[in-house]
Every structure is written in C-alpha cells, then in structure tokens.
There are 2 protein chains.
Amino acid sequence: MARVRKTVTIRDVAEETGVSLQTVSRVINGGPNVRPQVRDKVQAAIDRLGYVPSLAAQRMSGSRSYIILAINDRERTLADWRERQGTDWVDQMLLGGILTCSKHGYRMMVELVDTHSDHVERELGAALSALQPDGVILTPPHSENRLITDLLAARGIPFARIGSDAPGPGIRLTMGDAGAAHLATSRLAELGHRRIAMIAGPAQYSLSGWRIEGWRRALAEAGLSDEGLLEVGDFGYETGARAARALLTRNPDLTAIIASSDQMALAALEVARELGLDVPRDLSLISFDNTPIVRFTQPPLTAIDQPIAETVARAVEWLIERGGNGEADEVIEVAAALVERASTAPARA
Amino acid sequence: MARVRKTVTIRDVAEETGVSLQTVSRVINGGPNVRPQVRDKVQAAIDRLGYVPSLAAQRMSGSRSYIILAINDRERTLADWRERQGTDWVDQMLLGGILTCSKHGYRMMVELVDTHSDHVERELGAALSALQPDGVILTPPHSENRLITDLLAARGIPFARIGSDAPGPGIRLTMGDAGAAHLATSRLAELGHRRIAMIAGPAQYSLSGWRIEGWRRALAEAGLSDEGLLEVGDFGYETGARAARALLTRNPDLTAIIASSDQMALAALEVARELGLDVPRDLSLISFDNTPIVRFTQPPLTAIDQPIAETVARAVEWLIERGGNGEADEVIEVAAALVERASTAPARA
DNA sequence: ACCGAACTTGAGAGCGTTCTCAAGACTTGT
DNA sequence: ACAAGTCTTGAGAACGCTCTCAAGTTCGGT
C-alpha cells in the first residue's frame, strides 16, 4: 500500500513529527539526551513512514560506513572456483560475516585481491578509498602480508588477521591449528599407529607451520619419529596426490596420514585406492577443514573441523565493538574439533 | 611510500591540475567533451595521487550507487550452512557476481531475506533504502515472489529473476531446466532404462515443474510410462532419502533415478547402498547441480551442471548495461550440460 | 571573414546525513 | 529564590561528488 515513489529521508520524519533533523538523527543512532516522549513520537513516525537511513549519506557525513570488508585471495578463490573444487572456505566465511554484520546493522563486502602482484597496494587501496570500510578482515595468506597490514595501519582502519599470530598491528584470530594437529596425531597414536605422516600446506601460511609443530610434538610425546613423514602441498588436489604418492611409496610401513586440507585428503584417498590400500584398514586418514565433501566420500573422512564461520563472526564482532579504540595486541583463539568418521581405525597388526 | 593520511578527493586532483571539479569528474566517468590533452593531464594526476572516487559520495550526488544486490533465501541458506550441506549455490552465485561486477567497477552485496515471513517487504525495503542498489538479483524462490517483484517495480529498481519465467516485470534468466531434464532422461532411455524415476524439488519452485515436464516429455518420446515414478523433496538430504526409499520399495523394476539436487542424489546413493543395490550396476543415478561433492562420491555422480555463476554473471551484465532503460520483457536462457561420470550405466538385463 | 553550431570548461546548487556549537529549559544545592 | 550546572533541542556547516546551466572557444560553411 504505502507505495514509496520518492525516497523517505530524515527530513520527512522531522517534518512529520515537528522536530529538527538533529533530533531525528539522535533517535536513529540511539543518542543520549532525548526525552522519552519525543523519542517515542519520532520512532513512531520512522516506523510509519518506513524510513531507513541511507548508508551513503551516513558515510558522507563523516561517521561510520557500516561496511566490513573481507579480503580474499583472488588467485586461489578463482582456481577453486574454476575447477569446482569447493570454495567452501569462502562460503563459510561469508555467512559467518554476513550474519554477524546484519545483527549489528552492518554489511559485509567481499573483495578479491591478488597476493602475488605488485598491485596489492593499489588494488587494496582502491577498495579502501571507494568503500571506506569501518573494518577489514584479512584471511590467509593476506593476513601475513606486511604490505597489506602496513597499509591498513597507515590508514587507521581497524582490521583482523585470521590465521596469523605474527606480531604487528591488528587483532589476530587463530583456529587452534597446533592443538588440532596435536589432537589428530595423538588420536592416531592412541589407535596404535607408529608411522603417521603429514601432508602440510605451503610454508607461506603460518598455519602450515603450526600444524607441523602440533604433529611433531604429538609424535615426540608418543616416542615416534617424524623422519621421512612430511610432505608439502598447496592445499589443492594435484599436489595432495603427489605428496600422498611420495609418502606411500617411500614408507611401506606408513599406516596413517594427516592432510592439511580436504582436497589433499581426497587426493590421498584416491591414491591409496590406486595403490590397492583400503582405508581405513590399511591406512587411516584425517583431513583439515571438514567441508561438506568429506561426509560423502567412501569412507567418510575423519576431519578437523575448522570453525571458520565462527572465527569470522568473532572478527566482525571485535571490529564493530572495539575496532575504534586504539591498539589491539590481542589474539583470539577459536577451538577446532576432531570429527571422527570412518576413515580412521586401529593400525593394522 | 605515499603514506595517505588524509583522503584524496576530487578537489585535490582539481587543484593539482588547475582545472575545475567538474572536469575531473568528467575524466573519471569517461564523459565526452574533454580535450585529450586535458584528459591526459588529469588522468596523470589521478594516478599520481592515487585518487579513487568515494562510492558514498557518488551515490549521494544522485547518480548510480555502483552496487548490485543479490537476494538469497535466508532460511535455506542458513539451513544449508548450519548442517554444512554445502551452500555451493551461494558460492557460485557470489563469485559469478563479484567477478562481473568488479569488471564494470561495481560491487556486489548479498542480502539474506526470509521468504516465509510477512516481513519480506519490510526487510527488503530496508535493504533497498539503505543501499539504494542499481540493480537486484533475485534467486528462487524469491524470484517468483510477487510481493518482492512488485516492490522492486514500484521503486523503479531494475532486477533480474533467476529461475523464473513467470511474466511480470524484470528480466528473467533460466538455466534450461526442462531441456536438461529431457537430456538426462533421454540419455538414460538410450542406455536401455525403461523405468526412470524423478525426485523433484518443491512445487513452489518453477524449475521443479520444468524439470518434471522435461522428464515426462522424454519418457513419452521413448514410449515409457511415468506412473509411480515421481516423488517430491525439498532439495535436502532427508527428504531425498525418503523419496528414494519410497521409489525403490514401490518399484522393484526401477533402474534409474534423476534427482533434482546433489543432496537428494547423495541420499539416493546412500539408500541404494542400504538396500544392497549397486550403483551403477543395479541403479543409474543422475543429479542436478554438479557441486564439487559429486566428483568425490563412490561412484562419482553423473550430473546436470547448472551454470549458476554464468547465469548470475549474465544477470549482472544486463543490469549494469541495460538495467536503466525501461521495460525488460526478456528471457535469457543459459544452457546446462550433462556431465557423465560413473553413476550411469546400461540398464541391467 | 562572418555566423551559427558544436565543443569545452566552470560555477553553484543539491544529495541525506552527522558534527559542532550555541541557546533555551529544567534541576539542584544552598 | 538564585547561581551554576545538566538536559534537551536546533541551526548551520560540512562530507565528496555529479547535475544543470551558462559562458567561453573553436570550427565548418559560405
């Protein structure tokens, strides 16, 4: 019915109630110093007219932009996407972000930025100038890129670094990578495995190192060696397959593999099949990520569930609630969990 | 190095080059009537200063907002997400949209809106008022919601309806659902299958009907009956399992199933396994969507590849390029393809 | 050369909000 | 009851850009 042709502005509300623009503005922003009676009257008019402040205008007048910008790696995102490998990381992140943003009246935008180019600064700078976000969320590997963090710090934009605990500006969020790898490895040792390999992610991701560290520590605690048991992939299927093949041919006594991504675990599963190994009878397999895919493989994979959505949600919350005030030398750790499925079993005798 | 503390504005560029704001604005927007010499000088200054126009200010001054808003169903998105069922639809859509938007200097935002609530109008209206997008992309089931399309039409915002060909305002994009179902069914008939069942999606989605129609037509052409071969699910795993069980117990002679989503196909695969049926020896299976999951099941599933990303890309392109000018009684059809994998085989003798 | 047309440039208003600052109304303490 | 606050309200500028419109400049045809 209320067929809105012309945009309803704060002025309409002011005229409707007979107060000044400023008073309406105060009501909108929950500002102090407004008589309850006036506040109610204005709020009623807002509801009646269906008034919603224009984001653009709010931004213009020097206040917040109500936008949180999430930066993802373009190259990897595109590759995942093109090959339909399951970009579920993006998905989880987006949803965790959108939900939390909307809870606070914010919006989330996703920007794909190329890590490897010299244009990083230009690309990111352009996005920041255009959007003027109130906060930025950096995912790996951008969260470890000094160029980027410096740029953000110089502009005074609060930001969160996910998957990084390198010192420097910005709040840091991690997902308990070392602990998770330790947990997975210990569990395998508990099941009687003595030769437990790791297919790690690329070295430029700190989390790769943390996982290796957790794995090594658990091995040491169980009195096991890590010799010849580490291979590195790039999180993708191809390198995962190569790594698995190398591990399995080099170590005939291998009975368990921990892969640093679902894709690499999938590859290991396939390689095992090719080599005539049964999972989990001959080989136990644990993956990182726990994207939807691993529930439907044969057998379903035991996996470390990375709480990406929750982590991003926490990052958003921090940015909105405390992003404004100064230094943030804080590390938030969101715990990952081990989801046991059918790809793990006691070691063969 | 150029450590930007204060935002660079159009005024800085104007002063730097000694021309008026208006002239700089013309250069930015590629407007006509600027001497090449002046244009170059201004452009050089823009590059030198690293100037990027503020989206908010551009929007304010009455021109475009450079924002395309994509509306998704909140309920379904959340359910998918919570259960980690793979929200790949969102993913594909987002990426297709983001890429195309950024190619044209636009941005894409995702808004989750609840279909079933009476608040649809309010929720969407608020988003529109706040963002003032230059175009809106509606996905099913919103693309068929009269309340929504009317609201958009009344506000004069160009919009694209994906997965709907119901007459009405807005451009419509479909993904060849009838044709795809026909193709899948014919292929199965070709392989010698005589009893080919369909697990369809819910009736409120037009595409469910189109797929049924394509299936029926192909059956008729092959001289086959559809009796007792149709079940309906909600695209999710649970209802898919229920439907598959019903079909398989009711029809002992059934040798092929087409499922209207990957999740439902996965469910059918599991039900077949439970019933001791081998896929594809005893039962052929074709799914719709072709999300990453189906490549890694055992066996990998033959699937109709829904070109979601491309469809959204086309929608975005249309909105940006021709969204402005008036009526859009146009239907764009993006073709789906059949990707054959190991879940289909000749009918058992 | 001359006139009208087309091209090029600039000045100023306006978009919808919030910020700063000042003025008026109401309290409180003595 | 009066000075000194504290609350409440409003006026006007400012944010960065594009629009409209008018003025100045160049060009083509005769």
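Order of the sequence lines fixes the chain letters, A, B, ..., with proteins taken first and strands second; residue numbering starts at 1 for each chain.
For the pair B/Leu55 CG and D/dC17 P, the computed distance is 11 Å after rounding to whole Å. Rounded to a whole Å, the CG atom of A/Asp12 is 11 Å from the C1' atom of C/dG16.
With sequence neighbours left out, the side chain to side chain donor-acceptor pair (under 3.5 Å) criterion links A/Thr17 to no other residue. Partners of B/Arg64 by salt bridge (charged side-chain N to carboxylate O under 4.0 Å, His left out), not counting sequence neighbours: none found. Annotation: salt bridge (charged side-chain N to carboxylate O under 4.0 Å, His left out) contacts of B/Glu317 (sequence neighbours excluded): none. Residues meeting the side chain to side chain donor-acceptor pair (under 3.5 Å) test with B/Thr115, sequence neighbours left out: B/Asp73. A/Ser54 is linked by a side chain to side chain donor-acceptor pair (under 3.5 Å) to B/Gln132, counting only residues two or more places apart in sequence or in another chain.
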With the sugar-phosphate defined as primed atoms, P, OP1 and OP2, and the base as all remaining atoms, what B/S/- string results for nucleotides 21-27 of chain C, 5' to 3', for protein heavy atoms under 4.0 Å? -------

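Identified under the ring-ring contact (aromatic ring centres under 6.0 Å, His included) test for residues 149-169 of chain A, with sequence neighbours left out: none. Legend: salt bridge (Lys or Arg N to Asp or Glu O under 4.0 Å) pairs involving residues 94-112 of chain A, not counting sequence neighbours, sorted by first then second residue: A/Arg107-B/Glu111, A/Glu111-B/Arg107. The salt bridge (Lys or Arg N to Asp or Glu O under 4.0 Å) analysis of residues 8-17 of chain A, with sequence neighbours excluded, yields the pairs A/Glu16-A/Arg48. For residues 7-52 of chain B, there are no ring-ring contact (aromatic ring centres under 6.0 Å, His included) pairs, not counting sequence neighbours.
Listed for the A/Asn72 side chain is no donor-acceptor partner under 3.5 Å among the backbone atoms of A/Leu112.
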N/O to N/O distances under 3.5 Å, protein versus nucleotides 12-16 of chain D:
{"unit_1": "D/dC15", "atom_1": "O2", "unit_2": "A/Met60", "atom_2": "O", "d": "2.8"}
{"unit_1": "D/dC15", "atom_1": "O2", "unit_2": "A/Ser61", "atom_2": "N", "d": "3.3"}

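Contact annotation: B/Thr23 side-chain N/O to C/dG10 OP1/OP2 distance is under 4.0 Å.
Within residues 33-44 of chain A, the residues approached by DNA chain D to less than 4.0 Å at the level of any non-hydrogen atom are A/Asn33, A/Val34, A/Arg35, A/Val38, in residue-number order.
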